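The structure under discussion appears below in the form of structure tokens.
Any value given below was found using the heavy atoms of this structure, including those in side chains, with hydrogens, waters and symmetry copies removed. Source: prediction; values computed, not measured.
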Amino acid sequence: MAQRTRPTGRTVLVLLFDDVQSLDVTGPVEVFAGAEKHTPGTYRIRTATLDGAPVRTSSGLTVVPDHALADAPEPDTLVVPGGQGTRDPDPRLTDWLRGHGPRARRLVSVCTGAILLARAGLLDGRRVTTHWAYSGRLARDHPAVDVDPDPIYIRDGNVATSAGVTSGIDLALALVEEDLGRDVALTVARHLVVFLRRPGNQAQFSAQLAAQTARREPLREIQQWITEHPGADLSVDSLAARASLSPRHFARAFQAETGTTPGRYVDRVRLEHARRLLEDTGDGVEEVSRASGYGTPEAMRRAFVKALGTSPAEYRRRFRPAPAH
């Protein structure tokens, strides 16, 4: 196997502006800083504002930058965070991105930072994501951009975009893994007490968060029961009997109160459960398929290919962490 060539002193430049989301900044910075501590000389992390003045984040923190943009070093990786300040940005910020963004080897956005990149014309023809609450706006205002609101991050060539706040950590870990290998990224993830293995195509919401919580107690209890018993009989008839409703009434009420059908909710819960087992246990594919309610490995394989574009075995190979040494 060819030895990975480690980057030397690559500049990670983080753009700052008033009302930036502090976690969009500190999350990726902590990841790259952790990698630099593990492998000294790998990254030079710098921050910059338009004029070099401190900025106030949306949570009230004041951040002092390293540079004014005019004096900032050319970045290898340019990180554009999001926040309320992306709603009506200074035109000079967009102009700087338009001129300097294409020079970066990697162009990265966190949350609504994608809006700034889109304004600068840097996302045209790209498949991107952003925070679920702003994906519609991004797609509407920039029709040349292919917006996918579901994944936590997306890589399209040298452009990488991520969803809200903590997903910037996931994306930064993926970039560190690309540069320095899985062992370094895993060490950083362990230090930060986060998951290395959240894949980019993981949905921004779990099944429980994606669906609304039902107002009525019987339906809320059914939602929780489904989550706790993915391998049980979760047919509409069975769930309706548990809720003491007719199947037709149950199906209508469930969709009205949760925003999704019982079948779709069950499918998502089972997929999440199977993914967790593949990531966290050594159980065989057949055992995982039974425990997750698929019944057979083939049924689970079809569900994985349809939802994730990969088989369970390949999913495990890619996303189960290597054993600790």
Side-chain angles (χ1 to χ4, degrees), residues 2-17 20-49 52 54-55 57 61 63-83 96-97 100-111 113-114 116-117 122 152-162 165-200 321-322:
Q3 188 172 7
R4 182 185 298 270
T5 301
R6 295 193 166 187
T8 303
R10 289 178 172 174
T11 297
V12 177
L13 181 64
V14 184
L15 196 63
L16 301 178
F17 45 87
V20 69
Q21 161 62 253
S22 57
L23 276 177
D24 289 2
V25 176
T26 58
V29 164
E30 289 292 344
V31 171
F32 287 113
E36 167 63 21
K37 289 176 183 176
H38 184 279
T39 312
T42 300
Y43 297 116
R44 294 189 304 266
I45 304 163
R46 299 291 185 267
T47 56
T49 61
V55 295
T57 72
L61 296 174
V63 182
V64 180
D66 297 307
H67 306 280
L69 280 176
D71 303 321
E74 286 290 335
D76 172 81
T77 299
L78 177 60
V79 180
V80 182
W96 186 91
L97 281 171
H100 291 78
R103 304 179 192 176
R105 182 177 67 90
R106 290 190 303 216
L107 196 55
V108 177
S109 71
V110 183
C111 195
L116 294 180
L117 294 182
L122 299 174
I152 59 172
Y153 64 82
I154 290 175
R155 303 285 301 277
D156 187 339
N158 72 325
V159 175
T161 54
S162 61
V165 285
T166 59
S167 62
I169 295 175
D170 295 292
L171 176 53
L173 284 167
L175 298 178
V176 167
E177 183 174 1
E178 176 184 286
D179 290 342
L180 302 176
R182 185 175 183 80
D183 288 346
V184 175
L186 183 57
T187 298
V188 175
R190 284 174 176 155
H191 182 73
L192 296 176
V193 197
V194 296
F195 290 105
L196 169 62
R197 60 189 179 279
R198 282 213 304 175

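In plain terms, the two heavy atoms of L13 and A48 that are nearest each other are CD1-CB, 3.9 Å. Closest approach of I169 to G27, counting heavy atoms only: CG1-CA, 3.6 Å. What you find for P65 and G52 is that their closest heavy atoms are CG-O, 3.4 Å. Residue C111 comes nearest to D24 through the heavy atom pair CB-OD2, 3.2 Å, listed as atom of the first residue, atom of the second, then distance. Across all their heavy atoms, A160 and R155 have their closest contact at CB-CD, 3.5 Å. When all heavy atoms are compared, the tightest approach of A104 to N158 is O-ND2, 3.6 Å.
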Under the side chain to side chain contact (heavy atoms under 4.5 Å, CB included) rule, what do V25 and L16 come out as? Steps first, then yes or no, please.
CA-CA 8 Å; V25 176; L16 301 178; 3.7 Å; yes
Chi angles and distances behind the side chain to side chain contact (heavy atoms under 4.5 Å, CB included) call for L175, V108:
CA-CA 10 Å; L175 298 178; V108 177; 3.7 Å; yes
Full working for side chain to side chain contact (heavy atoms under 4.5 Å, CB included) between L180 and T42:
CA-CA 9 Å; L180 302 176; T42 300; 3.7 Å; yes
Which is it for R106 and E178 under the salt bridge (charged side-chain N to carboxylate O under 4.0 Å, His left out) test, yes or no, and what are the steps along the way?
CA-CA 12 Å; R106 290 190 303 216; E178 176 184 286; 2.9 Å; yes
Using the salt bridge (charged side-chain N to carboxylate O under 4.0 Å, His left out) rule, take R105 and D179 through it: C-alpha gap first, then chi angles, then the decisive distance, then the call.
CA-CA 12 Å; R105 182 177 67 90; D179 290 342; 3.7 Å; yes
Could you walk me through whether V63 and T57 satisfy the side chain to side chain contact (heavy atoms under 4.5 Å, CB included) test, starting with their C-alpha distance in whole Å, then the side-chain angles of each, then the deciding distance to 0.1 Å, before giving a yes or no?
CA-CA 7 Å; V63 182; T57 72; 3.7 Å; yes
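Expressed to the nearest 0.5 Å, how far CG of L15 lies from OG of S109 amounts to 11.5 Å. Expressed to the nearest 0.5 Å, how far OG1 of T161 lies from CG of L171 amounts to 8.0 Å. With values rounded to the nearest 0.5 angstrom, L173 atom CG is found 9.5 Å from L186 atom CG. The OG1 atom of T11 lies 10.0 Å from the CD1 atom of I45; values are rounded to the nearest 0.5 Å. Once rounded to the nearest 0.5 Å, the distance linking CZ of R46 with CG of D71 reads 13.0 Å.
Within the 4.5 Å cutoff, no side-chain heavy atoms of L69 are placed close to those of T49. Counting heavy atoms from C-beta on, the side chains of S162 and D170 never come closer than 4.5 Å. A heavy-atom distance below 4.5 Å is not found between the side chains of L78 and V12. When side chains are defined from C-beta on, L122 does not count as touching V159, because their heavy atoms never get closer than 4.5 Å. Residues R44 and R10 are not in side-chain contact: their nearest non-hydrogen atoms beyond the backbone lie 4.5 Å or more apart.
Residues D76 and Y43 have side chains that never bring a donor and an acceptor to within less than 3.5 angstrom of each other.
At least one donor-acceptor pair closer than 3.5 Å links the side chain of H100 to the backbone N or O of W96.
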